[in-house]
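Notes for the one structure printed next.
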Amino acid sequence: MQKLEMIYEGKAKKVYRTDNPDYFWVEYKDDATAFNGQKKGTIDNKGIINNKVSAVFFQLLESKGISTHFVELVSDREMIVKALQIIKVEVVVRNIVAGSLAKRIGLPEGTILPRTVLEYYYKDDALGDPLINASHIAALELATPEQMEFIKETALKVNEIMREYLAPVNIDLIDYKLEFGTHKGQVLLGDEISPDTCRFWDKTTGEKLDKDRFRRDLGNVEGAYREVLRRLTGE
Ligand code: TMP
């Protein structure tokens, strides 16, 4: 497959067309942003680590029957994915209170939730990705109710699979964000699954192994990302 011109550049990735219209070529960047782009920086080797970590999770999920856009890795920081039409809904799943949920409902970070919390955000930078509900999604026609039912079920299955996978490497999955898109009429899990889009805490020490180290200036950001990759692959 041939990498052709760039068709989209996001905050963390570049997407290229290929000579096959069914596939995109994705390049993971070292650029990091937070707070809707207000804070900017770079994390050395982040693109390489997130590309590899995402591939591990996509392959794991595929092996458990979840359909994703992942096709194959093509270099340290590039993967081939199925061409998706992105659904403009960010799906956040939470097991333990952290980040914006702590502020929204007034519980301290680290509180174990008695039930998994599922949230939807409207993927719109100009609006700052506001929290929305299923009724807003229907009114904006971002996805059909049937698609949202499938997305909800898939997001919760991903939770079970990832928690079970991360437990033996001593990582708690606090929360994460997923994105979905359609490919030939089918809804597939897209985007990335990495320390940029998940909160990973060491089970024993509670140490943060994710982008909160960058958001909150905690130091050793690259080391934390590397540690996640090391625990997943031994690399
Ligand atoms: P939050 O607590 O800031 O709402 O974040 C919830 C989860 O979603 C956390 O794992 C980080 C992830 N996330 C993204 O992947 N992209 C984003 O733009 C935001 C705000 C959060």
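Remember, it's 1-based here, ligands and their atoms both numbered in the order they're listed. Note that the structure is a prediction, hence the values are computed from the model and not measured. All values below come from the heavy atoms of this structure, side chains included, with hydrogens, waters and symmetry mates left out.
Remark: side-chain polar atoms of E62 are paired, donor with acceptor, to backbone N or O of T68 under 3.5 angstrom. The main-chain N or O of Y23 is found under 3.5 Å from a side-chain atom of T18 such that the two form a donor-acceptor pair.
The line from CG of L84 to CG of D22 is 11.0 Å long, rounded to the nearest 0.5 Å.
At a 4.0 Å heavy-atom cut-off, the residues surrounding ligand 1 are V92, R94, A98, G99, S100, Y121, D175, Y176, K177, D196, T197, C198, R199, R215, listed by chain and number.
Under the ring pair (Phe, Tyr, Trp, His ring centres under 6.0 Å) criterion, the residue pairs touching residues 43-67 are F58-H69, with sequence neighbours excluded.
Within a 6.0 Å sphere centred on NZ of K39, heavy atoms belonging to other residues, nucleotides or ligands number more than 12.
Just one of R163, K203, R94, K208 meets the salt bridge (charged side-chain N to carboxylate O under 4.0 Å, His left out) condition when paired with D172; it is K203.
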